[in-house]
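Each remark here refers to the structure printed beneath this line.
What's counted below: heavy atoms across the whole structure, side chains too, no hydrogens, waters or symmetry copies. These numbers come from a predicted model, not from an experiment.
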Amino acid sequence: QVQLVESGGGLVQPGGSLRLSCVASGIISCVHVMGWYRQAPGKERELVATINVGGTTNYADSVKGRFTISRDNAKNTVYLQMHGLETEDTAIYYCNAKGFSTYWGQGTQVTVSS
C-alpha cells in the first residue's frame with residue numbers, strides 16, 4: 001500500500017503562484033510514476049503532470065510553461081510549482097502514484113479568484 005498526503009492548496013489571485021506538495025509513505029519502492037491530476041466542478045478528473053523514476057516529465061498542454069513538477073526522492077515528495085495561475089486552474093488537485101496499483105491522495109483545493 002502507498003499513502004499520499006497533499007498540501008499547499010489555497011486561494012490565490014489570477015497571475016499568482018502556489019506550490020503543492022505530496023508526501024508518499026508505505027511501499028514506495030513499487031512506485032514508478034507519480035503525478036498530479038485535477039477535477040473542476042462539473043468536469044472529469046484530468047491529468048496535470050507526471051514524473052517517472054527517471055525524472056521524465058509530462059504535462060497537459062494547458063499548463064505547459066506555467067507548471068513544473070519535480071520530486072525529492074530522499075523526502076518521498078513530489079511537488080507541483082504553479083505560476084501564472086488562471087481562474088480556469090481552479091479545481092481540487094489530487095496526487096497520484098502508480099505502482100502495483102494506482103493510489104490517490106485526498107486532494108487539496110486550489111481556487112484562483114480576484
Considering all heavy atoms of both residues, which atom of Gly9 and which atom of Thr108 are nearest to each other, and what is their separation? N-OG1, 3.2 Å

Can you check whether Pro14 reaches Thr87 side chain to side chain, under 4.5 Å on heavy atoms? yes

side-chain contact (heavy atoms from CB on, under 4.5 Å) evaluation trace for Leu80 with Tyr93: CA-CA 10 Å; Leu80 185 68; Tyr93 284 69; 4.2 Å; yes

On a heavy-atom basis, the closest approach of Gly8 and Leu18 is O-CD2, 3.8 Å

Going through the distances and angles, do Arg66 and Met82 end up as a side-chain contact (heavy atoms from CB on, under 4.5 Å)? CA-CA 6 Å; Arg66 300 188 298 124; Met82 305 184 290; over 6 Å; no

Between Gln109 and Thr90 the two heavy atoms that sit nearest each other are NE2-CG2, 4.1 Å

Distance-only, no hydrogens or angles: does the Thr50 side chain make a donor-acceptor pair with backbone N or O of Gly35 under 3.5 Å? no

Donor-acceptor pair, side chain of Glu6 and main chain of Gly107, under 3.5 angstrom: yes

Hey, could you give me the CZ/CD distance between Arg19 and Gln81, rounded to the nearest 0.5 Å? 6.5 Å

State the CZ-NZ distance between Arg38 and Lys43, to the nearest 0.5 angstrom. 8.5 Å

Between the CD atom in Gln1 and the OG atom in Ser25, the distance rounded to the nearest 0.5 Å is 10.5 Å

Determine the minimum heavy-atom distance between Asp89 and Gly84, stating which atoms define it. OD2-O, 4.3 Å

All heavy atoms of Val31 vs all of Ala97, minimum pair found to be CG1-CB, 4.0 Å

I'd like to know if Val12 and Val48 are part of one continuous hydrophobic network [Ile/Leu/Val/Met/Phe/Trp/Tyr, side-chain heavy atoms within less than 4.5 Å]. yes

Residue pair Gln39, Glu44: steps toward the side chain to side chain donor-acceptor pair (under 3.5 Å) verdict: CA-CA 6 Å; Gln39 187 166 18; Glu44 293 186 354; over 6 Å; no

Could you tell me which non-hydrogen atom of Cys22 sits nearest to which non-hydrogen atom of Trp36, and how far apart they are? CB-CZ2, 3.6 Å

Do Val110 and Leu20 have side chains that approach each other closer than 4.5 Å (heavy atoms only, starting at C-beta)? yes

Lys75 backbone acceptor or donor facing Thr77 side chain under 3.5 Å: yes

Got a second to check how far Lys64's NZ is from Thr57's OG1, nearest 0.5 Å? 9.5 Å

Examine Arg45 relative to Tyr94 and say whether NZ or CZ is less than 6.0 Å from the centre of the six-membered ring and inside a 45° cone about the ring axis. yes

Hydrophobic cluster membership, Met34 vs Phe100, 4.5 Å side-chain cutoff: yes

With Tyr37, which residues qualify under ring-ring contact (aromatic ring centres under 6.0 Å, His included), at least two apart? Trp104

Compare all side-chain heavy atoms of Cys30 with those of Val2 and state whether any distance is below 4.5 angstrom. yes

Hey, what do you get for OG (Ser101) to CD1 (Ile27), rounding to the nearest 0.5 Å? 11.0 Å

Please answer: with hydrophobic residues joined when any side-chain heavy atoms are less than 4.5 Å apart, are Val33 and Val53 in the same cluster? no

Measuring from atom OG1 of Thr56 to atom CD1 of Ile51, what distance do you get when rounded to the nearest 0.5 angstrom? 8.0 Å

